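A quick write-up on the structure given underneath.
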Amino acid sequence: MKRNDWPETLLAWFDGSRRALPWREEHPRNPYHVWVSEIMLQQTRTETVKGYFQRWMEQFPTIRDLAQAPEEQVLRAWQGLGYYSRARNLHKAARQVMAEWGGQLPRERKALGSLAGIGAYTVGAILSMAFGEKIPAVDGNLLRVLSRLYGVEEDISGTQGKKTITALAEEAIPGDRPGDFNEALMDLGAEVCIPRHPRCEACPLTAFCQAWKEGKTETLPVKKPKAPQKELAAACGLVVREGRYLFHKRPAKGMLASMWEFPMVLEPGAEKARSSLVKLLETEAGPAVWQHRHVFTHQIWNMTAYVMERAEVPGGEWSWFSPEEWEKVPLAGPHAKLADWLKKTVDRNEKV
DNA sequence: TAAGCGTGGGG
DNA sequence: TCCCCAAGCTT
């Protein structure tokens with residue numbers, strides 16, 4: 001069999017094994033739905049996205065609805081999904097599309113790629129799936145599947161490795177079903193050609209697979225290991241006044257940007273964190289009532305919450321929220337955990 | 001180019 | 001428990 005016969009076999013497999021997903025229901029596909037789903041799916045599991053996608057479309061049915069919504073509402077809808085710059089960029093891009101493209105996603109590569117949050121992968125995904133254009137959508141699945149299929153030993157986390165895989169995909173993609181081709185490779189990567197211990201016995205492409213032939217299915221693709229996290233102590237203050245707690249809005253850039261949090265300081269050690277919090281709030285720290293270890297991709301927060309008696313509110317954006325109120329604003333993930341615990345404690349009429 | 005940016009599932 | 005990782009983009 002010739003090496004380039006595999007796309008036909010792949011598409012035949014896809015016709016029988018295609019996953020049913022909320023954003024795949026329409027024919028032709030709604031470009032806005034493709035767009036939102038692709039952004040949500042970045043670095044995020046399909047199962048997690050399903051619920052978020054459906055709630056999103058109820059809240060923001062069209063690009064116009066999204067563009068007109070306040071940022072707080074957009075971030076709240078994204079709360080818990082992670083990588084919040086995706087939500088802010090989606091919101092920004094919706095406004096760009098309304099202002100510059102009459103509310104319709106542009107179909108031209110350069111214009112589409114100039115929108116906030118839309119990079120090379122997402123351009124390929126939208127153009128191929130929504131508009132039938134012959135362009136690969138090179139995501140982690142394609143990198144992994146094609147590196148095995150062609151026996152690519154290059155590091156796929158680097159620019160050169162991505163170039164190599166992209167060239168192979170461009171050569172293989174069929175002009176009549178480009179969107180199906182991309183989705184088929186993603187489905188295969190998600191269910192069969194999975195990262196660890198691929199299910200080669202269920203794979204339709206073993207006859208074409210170089211890694212299978214050479215016994216390298218467990219060792220390909222080659223990826224550079226990730227850097228270890230920094231570990232920090234996070235001291236949080238619970239400051240209550242007439243049933244409301246003091247919150248701070250995080251800066252518009254950086255980690256958990258524009259999300260609300262309990263007053264918090266980060267330091268290398270717990271004692272230093274506690275004393276810095278005391279300094280920030282200009283008050284004494286009461287007992288530590290809650291502890292939690294929160295692991296991010298690049299940081300670990302060892303959190304401790306202290307009851308604080310009173311506060312002189314420092315500069316920046318601060319507000320007082322009751323439990324009912326804080327359920328309507330976007331909370332930073334680790335603080336949402338603390339807020340849940342606090343609400344339960346208050347509901348039981350326990351003193352904090 | 002490499003680092004920064006979240007979260008939850010599964011081995 | 002620990003570690004890897006899932007449909008990337010931006011700076």
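Quick caveat, the model's predicted, so the values are computed rather than measured. Convention: sequence-line order gives letters A, B, ...; per-chain numbering from 1.
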Using a 4.0 Å heavy-atom cut-off, does A:Arg250 contact any base of the nucleic acid, only the sugar-phosphate backbone, or nothing at all?
nothing
In whole angstroms, the gap separating P of C:dC9 from CD of A:Gln96 amounts to 15 Å
What is the separation between atom CD1 on A:Ile39 and atom C1' on C:dC9, rounded to the nearest whole Å?
9 Å
Which comes earlier along DNA chain C counting from the 5' end, the contact point of A:Arg19 or that of A:Gly117, where each point is its nearest nucleotide?
A:Arg19
Determine whether A:Arg144 and A:Arg148 make a side-chain contact, defined as any pair of heavy atoms from C-beta on separated by less than 4.5 Å.
yes
Name the one of A:Glu261, A:His335, A:Glu317 that satisfies side-chain hydrogen bond (donor to acceptor under 3.5 Å, both in side chains) with A:Arg250?
A:Glu261
A:Arg293 CZ to C:dT1 P: how many Å, rounded?
10 Å
Can you tell me how far P of C:dC5 sits from CG of A:Asp139, to the nearest Å?
15 Å
A:Gln229 atom CD is separated from C:dC4 atom C1', nearest whole Å, by 11 Å
A:Lys224 near the nucleic acid: base, sugar-phosphate alone, or nothing, with a heavy-atom cut-off under 4.0 Å?
sugar-phosphate
Do A:Met255 and A:Phe247 land in one hydrophobic cluster if side-chain heavy atoms of ILVMFWY residues count as linked below 4.5 Å?
yes
What does A:Ala116 touch in the nucleic acid at a heavy-atom separation under 4.0 angstrom: a base, only the sugar-phosphate, or nothing?
sugar-phosphate
Generate the contact string for nucleotides 4-11 of chain B. Rules: B means base contact, S means sugar-phosphate contact only, - means no protein heavy atom under 4.0 Å.
BBBBBSB-
Please table the atom pairs, donor to acceptor, closer than 3.5 Å between any side-chain atom in residues 123-130 of chain A and protein atoms at least two apart or in another chain.
{"from": "A:Ser128", "atom 1": "OG", "to": "A:Gly124", "atom 2": "O", "distance (Å)": "2.7"}
{"from": "A:Ser128", "atom 1": "OG", "to": "A:Ala125", "atom 2": "O", "distance (Å)": "3.4"}
{"from": "A:Ser128", "atom 1": "OG", "to": "A:Asn182", "atom 2": "ND2", "distance (Å)": "3.0"}

Quick one: is A:Lys226 getting a side-chain N or O under 4.0 Å of the B:dA2 phosphate, OP1 or OP2?
no
Salt-bridge contact A:Asp340-A:Lys344 (side-chain N to carboxylate O under 4.0 Å)
no
Check every strand shown and say whether A:Ser37 touches a base, only sugar-phosphate, or nothing at a heavy-atom separation below 4.0 Å.
nothing
Nearest-angstrom distance, P atom, C:dC9 to B:dG8:
23 Å
Write down the distance between CD (A:Glu231) and P (C:dT1), rounded to a whole number of angstrom.
14 Å
Among A:Val192, A:Leu188, A:Ile194, find the one that has a side chain to side chain contact (heavy atoms under 4.5 Å, CB included) with A:Val145.
A:Leu188
Length of the CD1-P vector between A:Ile156 and C:dC4, whole Å:
15 Å
Does the plane of the ring in A:Tyr245 sit parallel, tilted or perpendicular to the ring in A:Trp326? Use 30° and 60° as the thresholds.
perpendicular
What contact category does A:Trp23 fall into here, base, sugar-phosphate, or nothing, at under 4.0 angstrom with non-hydrogen atoms?
base
When we call it a touch if two heavy atoms are under 4.0 Å apart, what does A:Leu90 touch: a base, just sugar-phosphate, or nothing?
nothing
